[in-house]
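Just below is one structure, and these are the notes that go with it.
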Amino acid sequence: MADTSDDFLPETLRITSPRPLVDIGANLTHDSFARDLPAVLGRARAANVTTLILTGTDREHAEQAVAMAREHAGGGLALHATAGVHPHDANRWDAGLAAAMRELQRQPEVVAVGECGLDFNRNFSTPAEQERAFEAQLGLAAESGKPLFLLERDAGRRMREMLHAFRDEITDAVVHCFTADRATLFGYLDLDLHIGLTGWLCDERRGHHLRELVAEIPATRLMVETDCPYLLPRNLPAKLKGRRHEPALLPWIVREIAHWRGESEAELAAATTATARRFFRLPADATRETRHGDTTS
């Protein structure tokens, strides 16, 4: 594993989880990681973030995620990928893209269909284009039997309607980066969906409502993620150069969630990792526990 002696993370941000963690949403194909990816992976391992699910948001990034998972396998860190088309790019959906996604989702490195879903907040693609692409990807998930990695913004009701129509055909699904309200949360839980939480609840401007909801999510339905390089927690005890988020900061998010759930970091880490392993059908040895501070494989 790469040397982690660089000073990208201040000492106060070098937190090691008491139990292995799975970051279910890491956008490591983002350009900001191109210059120092080995160091990023090394810092993740030092933080006891032992498994990363690399998000594939379109054909290009899904292919990159698969290649990255292959290239950086081993060294005490497990990398997997998702493959899907983000709602922003739904207007590009056609038969050729569907065939490419189907082929990518057959790769052993790909553990989920997505990131896909509905984003009626920005509407970079029209709602009709988003629904068309999302319905097609629901079909691919039903065909492959792999779980869904979902995004939803300002589209909770329509998302639930479409998922309900496919619920008997798909296996598991997680609404990643959940930021919505109580009614939307319980609507998803009623559909037996999983919930992914990020550092959004560390935001004193926008995350307060989540602090009142996190304890209501069953441990068997909760997973954690950074969504890096986005959503850097706003309440970190030290400033970070460039404000780029990375997997090594996942223990800070877990600490915050554990506080609002009224449980220990170790309990939450163990529970979310067990849930993620079941959800993504990861090998039993993919998240081997390490001694505190041990960064070797």
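The structure presented is a predicted model; accordingly, all values stated were derived computationally and were not measured. Each residue takes its place number in the sequence, starting with 1.
Side chains of S17 and V49 form no contact here, defined as non-hydrogen atoms less than 4.5 Å apart. Looking only at side-chain heavy atoms (C-beta outward), H88 and T57 stay at 4.5 Å or farther from each other. With contacts defined as side-chain heavy-atom distances shorter than 4.5 Å, the pair L163/L150 qualifies. Contact annotation: the side chain of M223 never approaches that of I195 to less than 4.5 Å [non-hydrogen atoms, C-beta and beyond]. D23 places none of its side-chain heavy atoms less than 4.5 Å from the side chain of I53. The closest side-chain heavy-atom distance from N121 to N123 is not below 4.5 Å. Inter-residue side-chain proximity for L148 and V174 is flagged as unmet; no heavy-atom pair is nearer than 4.5 Å. Between H86 and D58 there is no side-chain heavy-atom pair separated by less than 4.5 Å.
If you check the side chains of Q130 and N91, you find no donor sitting under 3.5 Å from an acceptor. Side-chain contact check for N48 and T16: no donor-acceptor pair (N or O, by modelled atom type) lies under 3.5 Å. Looking at R281 and T171, their side chains do bring a donor and an acceptor atom within 3.5 Å of each other.
Using a distance-only test at 3.5 Å, with no hydrogens or angles considered, no donor-acceptor pair links the side chain of Q137 to the main chain of G114. Side chain of T275 to main chain of A271: a donor-acceptor pair is present (N/O by atom type, distance under 3.5 Å, no hydrogens or angles). The backbone N or O of V113 lies less than 3.5 Å from no partner atom in the side chain of T82, so there is not a single donor-acceptor pair. Here the side chain of D36 pairs no donor or acceptor atom with the backbone of A39 at under 3.5 angstrom. When atom types are taken as modelled, the side chain of T50 and the backbone of P20 share no donor-acceptor pair closer than 3.5 angstrom. In this structure, the side chain of R221 does not engage the main chain of L189 through any donor-acceptor pair within 3.5 Å. The main-chain N or O of L268 is never found under 3.5 Å from a side-chain atom of R261 such that the two would form a donor-acceptor pair.
Placement of V66 and F33 in two distinct hydrophobic clusters is found when ILVMFWY residues are connected by side-chain heavy-atom separations under 4.5 Å, directly or transitively. Following chains of ILVMFWY side-chain contacts shorter than 4.5 Å, one can reach L222 starting from L52, so the two form part of one hydrophobic cluster. Cluster annotation: L197 and L201 are assigned to the same hydrophobic cluster (Ile/Leu/Val/Met/Phe/Trp/Tyr, side-chain heavy-atom contacts under 4.5 Å, transitive). Both I257 and V175 are part of a single hydrophobic cluster, where members link through side-chain heavy atoms under 4.5 Å apart.
The CD1 atom of I24 lies 13.0 Å from the NE2 atom of H80; values are rounded to the nearest 0.5 Å. In this structure, SG on C116 lies 6.5 Å from CG on L138, to the nearest 0.5 angstrom. The distance from the CE atom of M162 to the CD atom of E131 is 5.0 Å, given to the nearest 0.5 Å. Atoms NE2 and CG, on H72 and L77 in that order, are 10.0 Å from each other to the nearest 0.5 Å. For the atom pair NE2 (H208) and CG (L213), the distance works out to 13.5 Å, reported to the nearest 0.5 Å. Expressed to the nearest 0.5 Å, how far CG of L232 lies from CG of L240 amounts to 5.5 Å.
Evaluation of the salt bridge (Lys or Arg N to Asp or Glu O under 4.0 Å) rule for E256 yields no partner, not counting sequence neighbours. Scored by the side chain to side chain contact (heavy atoms under 4.5 Å, CB included) test, A136 finds W93 as partners (sequence neighbours excluded). A search for ring-ring contact (aromatic ring centres under 6.0 Å, His included) contacts involving H61 returns nothing, not counting sequence neighbours. For H30, the ring-ring contact (aromatic ring centres under 6.0 Å, His included) partners are Y230, not counting sequence neighbours. Not a single side-chain hydrogen bond (donor to acceptor under 3.5 Å, both in side chains) links D94 to another residue, sequence neighbours left out. Applying the ring-ring contact (aromatic ring centres under 6.0 Å, His included) test to F178 and every residue at least two apart in sequence or in another chain returns nothing. With sequence neighbours left out, the side chain to side chain contact (heavy atoms under 4.5 Å, CB included) criterion links R157 to R160, E161. Residues satisfying the ring-ring contact (aromatic ring centres under 6.0 Å, His included) criterion with F134, sequence neighbours excluded, are absent altogether.
Each side chain to side chain donor-acceptor pair (under 3.5 Å) pair with one or both residues in residues 144-153, not counting sequence neighbours, appears once here: D119-R153, E152-Y188. Annotation: salt bridge (charged side-chain N to carboxylate O under 4.0 Å, His left out) contacts involving residues 60-83, sequence neighbours excluded, comprise R59-E63, R70-E109. Among residues at least two apart or in separate chains, ring pair (Phe, Tyr, Trp, His ring centres under 6.0 Å) pairs with a member in residues 149-169 are F149-H176.
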| Verdict with reasoning, L140 to M101, per side-chain contact (heavy atoms from CB on, under 4.5 Å) | CA-CA 8 Å; L140 289 179; M101 283 296 123; 4.0 Å; yes
| task | Decide salt bridge (charged side-chain N to carboxylate O under 4.0 Å, His left out) for R182 and E216; before the verdict, give the C-alpha distance in whole Å, the side-chain angles of both, and the deciding distance to 0.1 Å. | result | CA-CA 9 Å; R182 178 182 297 272; E216 314 238 20; 2.7 Å; yes
| What's the verdict on side-chain contact (heavy atoms from CB on, under 4.5 Å) for R277 and T273, showing C-alpha distance, side-chain angles and the deciding distance? | CA-CA 6 Å; R277 285 173 54 187; T273 292; 4.0 Å; yes
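The only member of T272, V224, T51 that meets side chain to side chain contact (heavy atoms under 4.5 Å, CB included) when paired with V22 is T51. When each of N27, T198, T55 is tested with D227 by the rule side-chain hydrogen bond (donor to acceptor under 3.5 Å, both in side chains), just one qualifies, namely N27.
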Show me, pair by pair, the donor-acceptor contacts under 3.5 angstrom made by side chains of residues 245-254, not counting sequence neighbours?
residue, atom, partner, partner atom, Å
E246, OE1, R43, NE, 3.4
E246, OE1, R43, NH2, 2.9
E246, OE1, R244, NH2, 3.3
E246, OE2, R43, NE, 2.7
W252, NE1, N235, OD1, 3.0

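Here the shortest heavy-atom pairing between T184 and G156 reads CG2-CA, 4.3 Å. In plain terms, the two heavy atoms of L54 and A69 that are nearest each other are CD1-N, 4.2 Å. In terms of heavy-atom proximity, I170 sits nearest to A141 at CG2-CB, 4.3 Å. Residues T12 and A238 share a closest heavy-atom pair of OG1-CB, 3.3 Å. The heavy-atom pair separating A215 from W260 by the smallest distance is CB-O, 4.2 Å.
The environment of CD in E135 is sparse: at most 12 heavy-atom neighbours from other residues, nucleotides or ligands sit within 6.0 Å. Around NZ of K241, the count of heavy atoms belonging to other residues, nucleotides or ligands within 6.0 Å exceeds 12.
Classification of E11 and R14 as a salt-bridged pair holds, one side-chain N sitting under 4.0 Å from a carboxylate O.
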